[in-house]
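Structure record follows, encoded as structure tokens.
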Amino acid sequence: MTTWDLSETQHHILICNGGSCIKKGGNEVVEAIRAEIKACNLDHRIHTTRTRCNGRCQDACVVIVYPEGTWFKDITPSLGRKIIRDYLLRLYPMDKSVSHTYQNQRFVRSSGVPRGIAKGTEQKESFFSPDLKK
């Protein structure tokens with residue numbers, strides 16, 4: 001099992017691979033981001049992790065960059081490469097692709113991005129079988 005040395009890591013990129021993101025090219029986004037990191041010789045500075053659903057399916061494909069706390073929406077392989085080249089390396093803003101930013105110890109929704117439902121209010125089918133609910 002691999003254990004990475006993260007001592008030089010400056011950014012952690014979470015790439016959603018939940019159902020909605022996969023349907024909109026999530027695997028290709030992962031491959032593009034990882035290829036761009038390698039092409040820019042940034043493996044030691046940027047760590048990536050595939051995640052399951054991040055709860056913003058309307059924004060698929062979702063990519064999240066930490067420690068900045070920036071959530072990107074509608075990411076394609078081309079925009080994924082741009083996150084590495086322009087946003088992280090050159091510090092260029094990518095306002096049209098940003099859904100949320102972390103400011104003053106909370107996430108702030110970008111203009112025009114749907115709010116979504118409050119956590120804890122969604123009615124979902126139970127994960128547990130009916131026998132275990134009792």
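The chain is numbered in sequence order, starting from 1.
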**Q.** All side-chain contact (heavy atoms from CB on, under 4.5 Å) counterparts of Q103, not counting sequence neighbours
**A.** T101, V108
Q | Shared hydrophobic cluster, V63 / L79 (ILVMFWY, side-chain heavy atoms < 4.5 Å) | A | yes
Q. Got a donor-acceptor contact below 3.5 angstrom from the S110 side chain to the V98 backbone?
A. yes
Q. For atom CD of Q58, is the number of surrounding heavy atoms from other residues, nucleotides or ligands below 6.0 Å larger than 12?
A. no
**Q.** Heavy-atom side-chain contact between H100 and K73 under 4.5 Å
**A.** no
**Q.** L88 reachable from Y102 in the ILVMFWY side-chain graph, under 4.5 Å edges
**A.** no
Q: Treating Ile, Leu, Val, Met, Phe, Trp and Tyr as nodes and any side-chain heavy-atom pair under 4.5 angstrom as an edge, say whether I46 and M94 lie in one connected cluster.
A: yes
Q. Can you check side-chain contact (heavy atoms from CB on, under 4.5 Å) on R50 and N27, steps first, answer last?
A. CA-CA 9 Å; R50 287 181 192 245; N27 284 325; 2.7 Å; yes
**Q.** Reported NE2-to-CZ distance for the pair H11 and R45, which is rounded to 0.5 angstrom
**A.** 6.0 Å
Q) Would you say L89 and I15 are hydrophobically clustered, going by side-chain heavy atoms of ILVMFWY under 4.5 Å? A) yes
Q.
Once side-chain contact (heavy atoms from CB on, under 4.5 Å) is applied, do any residues pair with R90, and if so which ones, sequence neighbours excluded?
A. R85, D86, Y92
Q | Joint hydrophobic cluster, V62 plus F72, side-chain heavy atoms closer than 4.5 Å | A | no
Q: Using the six-membered ring wherever Trp is involved, compare the ring planes of H47 and H12 and label them parallel, tilted or perpendicular (cut-offs 30° and 60°).
A: tilted
Q: For I75 and V29, work out which heavy atoms get closest and say how close.
A: O-CG2, 3.4 Å
Q) So which heavy atom on C61 is nearest to which on G25, and how close? A) SG-C, 3.9 Å
Q) How long is the gap from CD1 on I13 to CD1 on I64, to the nearest 0.5 Å? A) 11.0 Å
Side-chain atoms of residues 30-44: list all donor-acceptor pairs with protein atoms under 3.5 Å, sequence neighbours left out, distances to 0.1 Å.
{"residue": "R34", "atom": "NE", "partner": "T48", "partner atom": "OG1", "Å": "2.8"}
{"residue": "R34", "atom": "NH2", "partner": "T48", "partner atom": "OG1", "Å": "3.4"}

Q) Is W71 close to D59 at the side-chain level, that is, under 4.5 Å between some pair of heavy atoms? A) no
Q: Tell me, with the steps shown, if Y87 and S97 meet side chain to side chain donor-acceptor pair (under 3.5 Å).
A: CA-CA 11 Å; Y87 179 74; S97 299; over 6 Å; no
Q. About how many Å separate OG1 of T49 and CG of L14, when rounded to the nearest 0.5 Å?
A. 5.5 Å
Q | Which atom of C16 lies closest to which atom of G18, heavy atoms considered | A | SG-N, 3.3 Å
**Q.** Any donor-acceptor pair under 3.5 Å from D5 side chain to S7 backbone
**A.** yes
